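Report on the structure given below.
One-based numbering, in listed order, for ligands and for the atoms of each. Note that this is a predicted model, so its numbers are computed, not measured. If you read the sequence from its start, that first residue is 1, and numbering goes on from there.
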Amino acid sequence: MRIISLHASIVTLAVTLAAWPAQSGSIITPGLEWEDTNGSPINAHGGGVMYHDGVYYWYGEYKGDFTYRSPGVGWDCYRTEAGGVSCYSSRDLCNWTFEGIVLEPDTVDTHSDIHPTMVIERPKVVYNDRTHQFVMWMHIDNHNYGKATAGVAVSDTPTGKFRFIEAMRPNGQICRDLTVFKDDDDQAYLIYSSEDNATLHIARLSDDYLKPTAHYTRNFPNGFREAPAMFKRQGKYYLVTSGCTGWDPNEADLAVADQVMGPYTPMGNPCRGVDADKTFYGQSTFVIAVEGTDQYVMMLDRWNKRDLIASRYIWLPFEWSDGKPSIPWRDVWAPNTACRAAR
Ligand code: DGJ
């Protein structure tokens, strides 16, 4: 009997996947190849999504098609040439149109922080209502990740081109994996792995979002957390992070706080299902708050370290039970976007 029911499940799954051979229509199929509206694989890794005037913009690392191991570096330092930051737009979170490379690498100045030989990772964009500028923060590094800085760029439009301003160490502190969070009161915060990845810092940004202020907190000291992703629900701040194992997957953690700068209380691994202890072979990068709904979408990267451009995206909605969040695995699901409802 068990064999028959297992067989039936496999047939059902096969039929489901045959119906959706890749990401298509108004559904999301986590971990499968996801094509843009031109039929090309989406190339926006370590990304983040900004909602502006009815449109979602997905910014991410534009990976080159040749992955190599950084010469002379002892650890698993796989990389591609820095291709800049790509942008895709969508109204339903399912169908994405390529808007181009909105932050171009500087191919001329070999000393530039955004030269292709450098590392440009985890770009995140927020809109500043005071200056009317779109501000991009990203992790800028050199070939062996020893530079460890945050970079900032600006644009007057969401689709660029963005102008790179500078790379710096916030308050003189090391900065690697990062994200940006904009609160309801329009204050924005830079959240980054610091102290050689041992401690996660949260620094308030200046009113124009272009500089970190001296006001920062140290979170999870010696916890070695990276890949931060923050969201706010019903007055509480949630922070998803990964452990530090390079490109290889590990167990995620979710923490909660009453104040944006902490203190954060760990809640444990929010993932549920097969391979939950490996974050479904993914790593956190951002949480999308679906506009006008109570839906929050976890964005994960499933890295393919030997062929980084072939890394996949795993997007899964949070579930809430008695106020407790979890991320159950789903083979296929549909976001609660207004556009979908209108179809
Ligand atoms: C883990 C980080 O989360 C990634 O963004 C990338 O920097 C890799 N480490 C590099 O090994």
Side-chain angles (χ1 to χ4, degrees), residues 43-49 58-64 66-86 103 105 113-114 116-124 136-151 167 169 174-180 190-201 219-220 223-230 239-254 269 271 278-287 298-314:
N43 190 340
H45 308 273
V49 169
W58 177 359
Y59 301 91
E61 303 157 15
Y62 194 76
K63 297 284 191 197
F66 174 59
T67 300
Y68 61 95
R69 202 168 158 157
S70 259
V73 183
W75 55 284
D76 243 10
C77 190
Y78 290 97
R79 55 160 296 150
T80 68
E81 296 293 84
V85 176
S86 56
L103 177 72
D113 287 323
I114 53 171
T117 53
M118 300 292 283
V119 165
I120 304 174
E121 287 182 351
R122 297 186 176 272
K124 307 288 178 289
M136 177 188 292
W137 283 87
M138 70 213 96
H139 171 196
I140 295 287
D141 231 315
N142 61 348
H143 74 287
N144 63 6
Y145 289 72
K147 183 180 170 79
T149 57
R169 284 191 169 179
I174 274 180
C175 172
R176 291 202 180 94
D177 281 11
L178 60 72
T179 192
V180 176
L190 186 66
I191 301 145
Y192 53 100
S193 301
S194 193
E195 303 179 27
D196 229 357
N197 296 353
T199 301
L200 195 75
H201 287 195
N219 300 271
F220 319 121
F224 287 91
R225 308 307 301 173
E226 61 182 7
M230 183 182 281
L239 188 51
V240 184
T241 56
S242 76
C244 276
T245 52
W247 296 113
D248 298 330
N250 53 55
E251 189 168 28
D253 187 55
L254 177 67
N269 181 3
C271 301
K278 290 271 188 278
T279 319
F280 315 119
Y281 286 87
Q283 187 185 29
S284 42
T285 183
F286 196 77
V287 175
M298 184 77 244
M299 291 172 63
L300 307 162
D301 294 287
R302 184 177 279 170
W303 299 117
N304 180 342
K305 67 182 176 187
R306 291 188 178 80
D307 187 10
L308 283 164
I309 195 174
S311 303
R312 300 278 182 252
Y313 314 102
I314 301 174

Is the closest side-chain donor-acceptor distance between Thr67 and Lys305 under 3.5 Å?
no
Can you list everything that forms a side-chain contact (heavy atoms from CB on, under 4.5 Å) with Arg79? Sequence neighbours excluded, please.
Tyr68, Ser70, Glu81, Val119, His143
Verdict with reasoning, Tyr78 to Trp303, per side chain to side chain contact (heavy atoms under 4.5 Å, CB included)
CA-CA 11 Å; Tyr78 290 97; Trp303 299 117; over 6 Å; no
State which residues pass salt bridge (Lys or Arg N to Asp or Glu O under 4.0 Å) with Asp141; sequence neighbours excluded, sorted by chain then number.
Arg176
side-chain contact (heavy atoms from CB on, under 4.5 Å) with Tyr281: which residues, sequence neighbours excluded?
Pro249, Asp275, Lys278, Arg302
Value rounded to 0.5 Å, distance of CG in Leu103 from CD1 in Ile114:
4.5 Å
Give the residues near ligand 1 by chain and number, with the criterion being a heavy-atom distance under 4.0 Å.
Trp75, Glu121, Arg122, Tyr145, Asp177, Glu226, Gly246, Trp247, Gln283
